[in-house]
Amino acid sequence: MSGPLRVNCERGLSGADLRGLDAGDTVELTGCVLTLRDASAARLVSAEKERHALPVALAGQVMYAVGPSPPKPGEVVGSAGPTTTARLAPYLPALLASGVRGIIGKGELHGDAAAAFVQYGAVYFAAIGGLGALLAKHIVRADVVAYPDLGPEAVYRFEVVDFPLTVIIDLAGRNFHETARARWRRTADRSS
């Protein structure tokens, strides 16, 4: 298991930061992440395709698939649990080609979306779904940095501290969902 991964939002994340992370490792991420959802991902990819200036630099970033709820008084952000990453599958190859080094979400990825992590040297992290209120306690600052008209689908910059994650797809393309399922089948076969 790897120790906490520290991310400095000024310098971004490099391939060297990701080397040594294996599928199944748990990580505590500290630094800045950008958020995205379907609408903001579509806008970013469209802007890049049309060669318009992007409202945020993507190179070296970790992006969190989330649509945070409004904060209650005294909170930085409301519930901030991961959304299903497969919904972003059409946009992932373009985002990763733009230099995004990590995606945080939930659920399994297949096909081109999964292969793009290896092709572009990025890692897929999962946060635990259903724990949005608990995950929000690891977010110490939240600022909208692009597309405020999209409400919860706007791009936020979250400053996170010890944000708990699991590596699902590592740089070598190992997929924790597949290896865990195979291990479970072997255990089940031995038990029967």
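A distance of 4.5 Å separates CG of Asp22 from CZ of Arg174, quoted to the nearest 0.5 Å. Interatomic distance, CG of Asp170 versus OG1 of Thr179, reported as 9.0 Å (0.5 Å rounding).
The hydrophobic cluster containing Ile103 does not contain Val167, counting ILVMFWY residues as joined when their side-chain heavy atoms lie under 4.5 angstrom apart, directly or transitively. Hydrophobic clustering places Val27 together with Phe158 (ILVMFWY residues linked when any side-chain heavy atoms are closer than 4.5 Å, directly or through intermediates). Leu58 and Leu13 fall into different hydrophobic clusters, where Ile, Leu, Val, Met, Phe, Trp and Tyr are joined by side-chain heavy atoms under 4.5 Å apart, directly or via other members.
A pairwise comparison of heavy atoms in Gly20 and Asp25 identifies O-OD2, 3.8 Å as the closest pair. Across all non-hydrogen atoms, the minimal contact from Ala47 to Leu54 is CB-CD2, 3.7 Å. Here the closest heavy-atom approach between residue Pro93 and residue Ala89 is recorded as CD-O, 3.4 Å. Contact between Leu92 and Leu109 at its shortest, heavy atoms only, is CD1-CD1, 4.0 Å. Minimum heavy-atom separation, Ala146 to Val56: CB-CG1, 4.4 Å.
Leu171 has its side chain out of reach of Val118: every pair of non-hydrogen atoms, C-beta onward, lies at least 4.5 Å apart. The side-chain heavy atoms of Leu29 and Ile104, taken from C-beta on, include a pair separated by under 4.5 Å. Val144 places none of its side-chain heavy atoms less than 4.5 Å from the side chain of Val155. Side chains of Leu21 and Phe125 form a contact here, defined as non-hydrogen atoms less than 4.5 Å apart. Using a 4.5 Å cut-off on side-chain heavy atoms (C-beta onward), Ile169 and Val123 make no contact.
Partners of Thr166 according to the side chain to side chain contact (heavy atoms under 4.5 Å, CB included) rule, which considers only residues two or more places apart in sequence or in another chain, are Thr26, Ile168, Phe176. The side-chain hydrogen bond (donor to acceptor under 3.5 Å, both in side chains) search around Ser46 returns Glu50, not counting sequence neighbours. Listed by chain and residue number, Leu135, His138 satisfy the side chain to side chain contact (heavy atoms under 4.5 Å, CB included) test with Pro164 (two or more places apart in sequence, or in another chain). In this structure, the salt bridge (charged side-chain N to carboxylate O under 4.0 Å, His left out) partners of Arg181, at least two apart in sequence or on a different chain, are Glu108. Under the side chain to side chain contact (heavy atoms under 4.5 Å, CB included) criterion, Arg190 pairs with Arg186, Thr187, not counting sequence neighbours.
Pairs engaging residues 139-155 under the side-chain hydrogen bond (donor to acceptor under 3.5 Å, both in side chains) rule: Arg43-Asp149, Arg141-Asp143 [sequence neighbours left out]. Within the structure, every pair that satisfies the side-chain hydrogen bond (donor to acceptor under 3.5 Å, both in side chains) test and touches residues 89-99, not counting sequence neighbours, is listed here: Glu48-Ser98. Residue pairs meeting the ring pair (Phe, Tyr, Trp, His ring centres under 6.0 Å) criterion with at least one member in residues 29-55: none, sequence neighbours excluded. Within the structure, every pair that satisfies the side-chain hydrogen bond (donor to acceptor under 3.5 Å, both in side chains) test and touches residues 116-128, not counting sequence neighbours, is listed here: Thr85-Tyr124.
For the pair Thr84 (side chain) and Ala86 (backbone), a donor-acceptor distance under 3.5 Å is absent.
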Scan the side chains in residues 62-74 for donor-acceptor partners under 3.5 Å anywhere in the protein, sequence neighbours excluded, and list what turns up.
{"residue": "Tyr64", "atom": "OH", "partner": "Ala80", "partner atom": "O", "Å": "2.6"}
{"residue": "Ser69", "atom": "OG", "partner": "Ser79", "partner atom": "N", "Å": "2.8"}

Please set out all donor-acceptor pairs under 3.5 angstrom arising from side-chain atoms of residues 31-39, sequence neighbours excluded.
{"residue": "Thr35", "atom": "OG1", "partner": "Ala154", "partner atom": "O", "Å": "3.3"}
{"residue": "Thr35", "atom": "OG1", "partner": "Tyr156", "partner atom": "N", "Å": "2.8"}
{"residue": "Asp38", "atom": "OD1", "partner": "Arg87", "partner atom": "NH2", "Å": "3.4"}
{"residue": "Asp38", "atom": "OD2", "partner": "Arg87", "partner atom": "NE", "Å": "3.4"}
{"residue": "Asp38", "atom": "OD2", "partner": "Arg87", "partner atom": "NH2", "Å": "3.4"}

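Residue Val140 is found in a hydrophobic cluster whose other members, listed by chain and number, are Val161; membership requires side-chain heavy atoms under 4.5 Å apart, directly or through intermediates.
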